[in-house]
Amino acid sequence: MNISGRTALVTGASGGLGQAIARALAGAGAQLVLSGRRGDVLEGLASELGAQVAPADLSDPDAVRSLAAAHADVDILVANAGLPASGRLASFSEEQIDRALDVNLRAPMVLAHALAPAMAARRSGHIVFMSSLSGKAATAGSSIYSATKFGLRGFAGALRAELHGSGVGVSAIFPGFIRDAGMFQDAGVTLPRGTQTKTPGQVASATLRAIERDRGEVDVAPLALKLGATISGIAPELVATVTRRAGGDEVAAQFEAGQLDKR
Ligand SMILES: NC(=O)c1ccc[n+]([C@@H]2O[C@H](COP(=O)([O-])OP(=O)(O)OC[C@H]3O[C@@H](n4cnc5c(N)ncnc54)[C@H](OP(=O)(O)O)[C@@H]3O)[C@@H](O)[C@H]2O)c1
């Protein structure tokens, strides 16, 4: 798809990765609708990019429905909003589990369900789901987050197959640890020595590439993490053992402490 002149709805546009994706899409000539909860942040970005704002709390099914209805004719959906939902299962309330499922998994599914038919009728459109390497490899302290991100991977792959030949492309993006802005940066976690990171700009470039070239899955991570995630698909116990020995439990505890405020 040629992005120039298309309309795009970006959820999580007030966050670290969402802002980078919005700037990249605007730079490629898209007309944007920016969604998130923090209206002030959305307004600032919208005035910079000449975009519309559409604040919505995606944990509220009525708000998801209204957002889709108000922007039913967009060419591109970037379902990027998400919360980190990190920490041991026992530390979550049932309400927190529901919110993570609603924002990270249910809202992207419902938005795609609402917007894809009009795209297919026009025989043109693209839907991007922001997963994570935690959607390919399960580690300690990420049971709920991984459940949502593995879920997004399955949903995206199946929907892509279903829409094959319809003119509507579907992509899933799998970032590793992203520095400079976003939920990893905000958590202040110290990774084991030698663990490399990527930037929000690289996630944004990968998102544009996925739309322009209709890529099914795109990783945004250094080779070692990509390999780990791939091997985890074949031998999850092996990767779990290596991760534990490399200090995975300590890193998981840091994520839980640093991301409690985003539940
Ligand atoms: N950063 C990383 O290292 C990394 C790695 C892998 C995957 N990801 C994924 O990338 C996506 C963006 O993450 P990020 O790093 O940019 O995180 P972030 O800076 O914390 O931004 C999260 C975004 O999601 C929105 N959001 C959260 N709860 C919401 C709700 N109830 N209703 C509507 N919007 C809500 C936030 O909106 P408000 O702030 O306005 O509430 C914000 O725009 C997420 O899906 C995340 O899982 C990130």
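Whatever order the structure lists ligands and atoms in, that order sets their numbers, starting from 1.
- Contacts between K262 and ligand 1 below 4.0 angstrom, taking non-hydrogen atoms only, involve the side chain exclusively.
- Nearest residue to atom 34 (N) of ligand 1 from A81, A63, S132 is A81 (criterion: closest heavy atom).
- Where the criterion is an N or O separation shorter than 3.5 Å, residue side chain and backbone included, I178 meets it with respect to ligand 1.
- Across A100, A56, P108, heavy-atom proximity to atom 33 (C) of ligand 1 is greatest for A56.
- Atom CD of Q31 is surrounded by 12 or fewer heavy atoms from other residues, nucleotides or ligands within 6.0 Å.
- The backbone N or O of L133 sits nowhere less than 3.5 Å from a side-chain atom of D219 that would complete a donor-acceptor pair.
- R209 and R215 get closest at one heavy-atom pair: O-CG, 4.3 Å.
- Looking at R99 against ligand 1, nothing comes within 4.0 Å, counting heavy atoms.
- Residue P200 places every heavy atom at 4.0 Å or more from ligand 1.
- Side chain of E217 to backbone of I173: no donor-acceptor contact under 3.5 angstrom is found.
- Regarding atom 23 (C) of ligand 1, its nearest protein heavy-atom neighbour is G12 CA, 3.7 Å.
- Of all the atoms in ligand 1, the ones that sit under 4.0 Å from a non-hydrogen atom of G182 are 14 (P), 15 (O), 19 (O).
- Taking a cut-off of under 4.0 Å to the non-hydrogen atoms of G15, the atoms of ligand 1 that pass are 16 (O), 19 (O), 21 (O), 42 (C), 43 (O).
- Here the CZ atom belonging to R213 is positioned 10.5 Å from the CG atom belonging to L208, to the nearest 0.5 angstrom.
- Protein heavy atom at the shortest distance from atom 29 (C) of ligand 1 is R37 NE, 3.5 Å.
- Within the listing of ligand 1, atoms 1 (N), 3 (O) sit less than 4.0 angstrom from a heavy atom of F184.
- At distances below 3.5 Å, not a single donor-acceptor pair connects side-chain atoms of Q19 with backbone N or O atoms of G16.
- Relative to the six-membered ring of F174, R153 meets both conditions, a distance below 6.0 Å and an angle of at most 45° to the axis.
- Residue V103 touches ligand 1 through its side chain alone, judged by heavy-atom distances below 4.0 Å.
- At a 3.5 angstrom cut-off on N or O pairs, A181 does not count as close to ligand 1.
- When each atom of ligand 1 is checked for a heavy atom of G82 under 4.0 Å away, the hits are 22 (C), 24 (O), 27 (C), 44 (C), 45 (O).
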Check your understanding: Can you check salt bridge (charged side-chain N to carboxylate O under 4.0 Å, His left out) on D102 and R99, steps first, answer last?
Key -> CA-CA 5 Å; D102 285 344; R99 185 158 42 247; over 6 Å; no

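- D57 OD1, 2.9 Å is the protein heavy atom nearest to atom 31 (N) of ligand 1.
- Using a 4.0 Å cut-off between charged side-chain N and carboxylate O, D73 and R122 make no salt bridge.
- Checked against a 3.5 angstrom limit, the closest N/O atoms of F177 and ligand 1 fall outside it.
- Residue-ligand proximity: S35 is placed with every non-hydrogen atom at 4.0 Å or more from ligand 1.
- Using modelled atom types, no side-chain atom of S131 and backbone atom of L152 make a donor-acceptor pair closer than 3.5 Å.
- In this structure, of T11, T148, N80, the residue bringing a heavy atom nearest to atom 12 (C) of ligand 1 is N80.
- Nearest heavy atom pair, residue L17 against residue A181, reads CD2-O, 4.2 Å.
- Nearest protein neighbour of atom 16 (O) of ligand 1, counting heavy atoms only, is L17 N, 2.8 Å.
- Those atoms of ligand 1 with a heavy atom of S131 less than 4.0 angstrom away are 7 (C), 9 (C).
- Within the 4.0 Å heavy-atom criterion, neither part of A107 lies near ligand 1.
- Hydrophobic clustering of Ile, Leu, Val, Met, Phe, Trp and Tyr side chains at less than 4.5 Å, counting indirect connections, unites V64 with V33.
- Among protein heavy atoms, atom 38 (P) of ligand 1 sits closest to S14 OG, 3.3 Å.
- Here the closest heavy-atom approach between residue D249 and residue A140 is recorded as OD1-CB, 3.5 Å.
- Although no hydrogens or angles enter the test, the distance criterion places a donor-acceptor pair under 3.5 Å between the side chain of T207 and the main chain of V203.
- Contact atoms of ligand 1 toward M130: 9 (C), 10 (O), 11 (C), 45 (O) (distance under 4.0 Å to a heavy atom of the residue).
- Residues S14 and R37 are not in side-chain contact: their nearest non-hydrogen atoms beyond the backbone lie 4.5 Å or more apart.
- M183 CE, 3.7 Å is the protein heavy atom nearest to atom 13 (O) of ligand 1.
- Note that R179 lies outside the cation-pi zone of F184, set by a 6.0 Å cut-off to the ring centre and a 45° limit from the axis.
- Within 6.0 Å of CD in E212 there are more than 12 heavy atoms belonging to other residues, nucleotides or ligands.
- Under a 4.0 Å criterion applied to the non-hydrogen atoms of G16, ligand 1 contributes the atoms 16 (O), 19 (O).
- In this structure, the protein non-hydrogen atom closest to atom 32 (N) of ligand 1 is L58 N, 2.8 Å.
- The G176 neighbourhood of ligand 1 comprises atoms 3 (O), 5 (C), 6 (C), with distances under 4.0 Å to a heavy atom of that residue.
- For the pair L83 and ligand 1, the shortest N or O to N or O distance does not fall below 3.5 Å.
- Using 4.0 Å as the threshold, R179 has no heavy atom nearer than that to any atom of ligand 1.
- The proximity of Y145 to ligand 1, defined as any non-hydrogen pair under 4.0 Å, is limited to the side chain.
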